[in-house]
Every structure is written in structure tokens, then in C-alpha cells.
Amino acid sequence: MKECVLVTGGAGYIGSHTAVELIEAGFDVVIADNLSNSDMGAVEGVRKITGADVPFVQVDTCDRAAFEKVFEKYSFNSVIHFAASKAVGESVAQPLMYYRNNLTSFINVVELMKQYGRPNVVFSSSATVYGEADTLPVTERTPRKPATSPYGNTKQMCEDILRDSVAAYPGLRGIALRYFNPVGAHPSALIGELPRGVPNNLVPFITQTAAGIRECLSVFGDDYNTPDGSCVRDYIDVVDLAKAHVVAIARMTQGKSKADYEIFNIGTGKGVSVLELVRTFEEVNHLKLNYKIVERRAGDVESIWADTTLANDELGWHAERTLDQTLRAAWEWEKHVRGIK
């Protein structure tokens, strides 16, 4: 019998790619999502890529009674929890919504796992927990800084909830994956990042500008202490990121964890500036983007990238896709969505 994994937020950007990689690695998958920031197109994309009739449940993980029915109906030992609100700016404007949604949903996941004896949880964390790090690259031992947004604070708090729950409840195991900047799309162009309204992330803004949906791309600042003055980030291909979740689940189901609670950085280990990313996109897709330099954006970290040694050595995971491949896939996805030939 195959191992089954519940993927909350599985109709979202990272969740849908992770569902594909789980299935292709031999796992069964159940997707749960309230479709508040996603749609059934992603679920259909997962089914089309894999050829699997993936069960989908439309449910809000904050609704404990409704969510419990998923635990009653399906037999799974592992949960990957993506379901959360994720826009930094929105979290600053609506902190209570973020605390209620992100904390309640994860508490419900952990409570129900404990109640139903489901042992393994992977939590979708973020490099935002490091803030403006004192030294680069950041390792898992780099101190967490006070969060610069309610969104970032919920990531820190959920990590703490998982750490404390694993310590308190025998049989429960958890891994927090702190990922850096997910970008790109599946090579099939059947799933990818499809933000509602104005994008919060750079690459969808780039692809929408290239497609003529946005008039101009704004680059926030060119006076940072970086090689070209723009912010530096660690851009990780979403397919590589998805595969990290697969090996994290396998680590727990195969009894290879060295502790009941573990943390891993998931990135490429290489910093790329915003302007470098823009120019690479132009080069690989033979396009010219309309962009302008504007004032710095409040709350932006100057530079951050990962030391991925622990994930490389312990999980046996490595980022494999090149930035060229990633940005080519992102444009192919945008063209697919917009019907551009």
C-alpha cells in the first residue's frame, strides 16, 4: 500500500507542484484547499501531468469541524501544510486576519494529527524568519530576527508551535522547510504561479509586464550595497522546492530523521540581484522589458541567500534547475495562461 500525504493548500502555487512531485515519487496524495487564492485549474493541471485521479476536498483548514472530516475519510500518515495567507503588505494592513488564519489553520492541523495518530508534518516556513541577517549566507543556526511583518511573525510562531508540539506529544514528528524565493513553473506549462490581482512576487510581475498585462515593472531601489545596487535574493525553482518536500516526507516515513523536529534551508545557495534576474529573463526569452527604478520599498531586506549544506548532506537534496530554465518555464506558463503563441 502506498504512503498517502495530505497537502493543505494543494491547489496553490507551491502546493500543486509538490503534489505532482509526490505522485511521481510514488506517493498517493489528497489535496485540501479553500480556493481563496487558487482555483481548480491547478488541481486539473496536477491530474493531467500525473495521470492520477487526485482526490480534492474544498475545505477551510480554519474550520476545525469541516477539516476533521478529511481526517475521518482519508488514511494518510503525513501532512504538508501550505494553507496560509502570504502577502507581506496585506499582513501589515490586516494583522488580525493573518494571525487568525495562519495560526488557527496550523493549530488545527497539529491537533487533528495528534488526535488521529498521524505522525508526520512538514511545515511551509520561510527565509523571512531570518530578517536582515548579520552574516551571509544564512545557515539553520543563524538567529531568527524579530519579524518585520505579521506574515513573517506567523511563520516564526508556527515553527514554535511545531517545535513545542513535537516535544510534548510522543509519536509526532515535524520538519520546517525555510525556503527562499520560489520562482518558475512546471516544464509542462500546465501549472505555475497565478496570483489574483496585483502580484506580490517579482517574477509574475516580470512575466505580466512581458505579456502586456502590466505597463511597467518597478525595481525598488538601485542604491543598496550590492554589486548593481538592487536587492539580492536566492531564487529557487518551484520544482526543485517541491522535490525538497518529497524527500522531507520520505525522511520521516522511512525513519531517517535524526530528531523529532528538524529545520532545513531550501534555496540554491547563490544570491541573484533583481536587475540580474530581469536581464536574464530578457536574454533567455529574447524579450525587452519595460522597467524603471523607483524608491526603495519599506521592509525590503538588502541581501539574503541560503547556505544549503545541511539540506544537501542530510536530505540528499540539491537544487538542479538553472536560472535560465526557471525563467524560460515562467514565461512559457504565462504564455499558456494568456493564450500567447
Side-chain angles (χ1 to χ4, degrees), residues 5 7-10 12-22 24-25 27 78-84 86 106 120-131 133 136-142 144 151-152 154-156 158-159 162-163 173-186 193 201-203 232-252 256-259 261-272 277 301 303-323 325-326 329-330:
V5 182
V7 182
T8 70
Y13 175 43
I14 305 171
S16 59
H17 287 80
T18 300
V20 166
E21 297 305 320
L22 283 164
E24 293 189 342
F27 292 91
S78 305
V79 177
I80 303 178
H81 183 63
F82 294 106
K86 62 176 186 177
F106 190 53
N120 309 311
V121 59
V122 173
F123 174 64
S124 162
S125 194
S126 167
T128 58
V129 302
Y130 296 117
L136 292 171
V138 294
T139 74
E140 289 79 1
R141 295 182 180 275
T142 298
R144 296 188 322 189
Y151 161 75
T154 64
K155 290 299 184 185
Q156 292 185 349
C158 286
E159 282 190 358
L162 182 56
R163 178 200 64 207
R173 292 182 293 271
I175 291 177
L177 297 182
R178 292 175 175 168
Y179 23 95
F180 284 68
N181 291 68
V183 289
H186 194 269
E193 188 169 11
N201 297 331
L202 175 60
V203 170
V232 170
R233 297 288 182 269
D234 188 335
Y235 296 99
I236 173 74
D237 189 285
V238 67
V239 175
D240 283 335
L241 174 57
K243 290 177 178 178
H245 294 80
V246 177
V247 295
I249 288 290
R251 182 177 177 84
M252 291 188 287
K256 294 180 179 178
S257 301
K258 292 187 176 178
Y261 175 60
E262 296 180 305
I263 299 166
F264 297 98
N265 284 338
I266 304 298
T268 65
K270 181 179 184 293
V272 174
L277 189 81
V301 172
S303 297
I304 189 167
W305 65 91
D307 181 329
T308 60
T309 303
L310 190 65
N312 299 157
D313 292 349
E314 286 294 326
L315 295 178
W317 171 91
H318 295 80
E320 296 175 347
R321 291 177 62 78
T322 67
L323 189 60
Q325 290 174 314
T326 298

Asks: Is the Phe123 ring parallel, tilted or perpendicular to the Phe106 ring (thresholds 30°, 60°)?
Replies: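 If you compare the ring of Phe123 with that of Phe106, the planes turn out tilted.
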Asks: Answer yes if the side chains of Asp313 and Thr309 hold a donor-acceptor pair under 3.5 Å, and no otherwise.
Replies: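 No, no side-chain donor-acceptor pair sits under 3.5 Å.
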Asks: Who are the side-chain contact (heavy atoms from CB on, under 4.5 Å) partners of Ala311, not counting sequence neighbours?
Replies: Phe264, Ile266, Leu315, Trp317
Asks: For Leu22 and Ile80: C-alpha separation, side-chain torsions, deciding distance, then whether side-chain contact (heavy atoms from CB on, under 4.5 Å) applies.
Replies: CA-CA 11 Å; Leu22 283 164; Ile80 303 178; 3.9 Å; yes
Asks: Go through it in stages, so that I can follow the logic: the residues are Val239 and Glu320, the test is side-chain contact (heavy atoms from CB on, under 4.5 Å), and I'd like the CA-CA distance, side-chain angles, deciding distance and then a yes or no.
Replies: CA-CA 9 Å; Val239 175; Glu320 296 175 347; over 6 Å; no
Asks: Restricting to non-hydrogen atoms, name the atom on His186 and the atom on Val20 that form the minimum distance, rounded to 0.1 Å.
Replies: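 Minimum heavy-atom contact is NE2-CG1, 3.9 Å.
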Asks: Can you list the residues that meet the side-chain contact (heavy atoms from CB on, under 4.5 Å) rule with Val183, with sequence neighbours excluded?
Replies: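 Applying side-chain contact (heavy atoms from CB on, under 4.5 Å) to Val183 gives Val203, Tyr235, Thr326.
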Asks: Does the side chain of Glu193 come under 3.5 Å of the side chain of Asn201 through a donor N or O and an acceptor N or O?
Replies: yes
Asks: For His245 together with Tyr179, are the ring centres under 6.0 Å from each other?
Replies: yes
Asks: Please give me the minimum heavy-atom distance between Gly269 and Trp305, naming the atom from each residue.
Replies: O-CD1, 3.7 Å
Asks: Report the C-alpha distance between Arg178 and Glu140 in whole Å, list the side-chain angles of each, state the deciding distance to 0.1 Å, and finish with yes or no for salt bridge (charged side-chain N to carboxylate O under 4.0 Å, His left out).
Replies: CA-CA 9 Å; Arg178 292 175 175 168; Glu140 289 79 1; over 6 Å; no
Asks: Tell me every residue that passes side-chain contact (heavy atoms from CB on, under 4.5 Å) with Thr128, counting only those two or more places apart in sequence or in another chain.
Replies: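 For Thr128, the residues satisfying side-chain contact (heavy atoms from CB on, under 4.5 Å) (neighbours in sequence not counted) are Ser126, Tyr151, Lys155.
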Asks: Quickly, which of Lys243, Arg321, Gln325 forms a side chain to side chain donor-acceptor pair (under 3.5 Å) with Asp237? Name it, please.
Replies: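 Among Lys243, Arg321, Gln325, the one meeting side chain to side chain donor-acceptor pair (under 3.5 Å) with Asp237 is Arg321.
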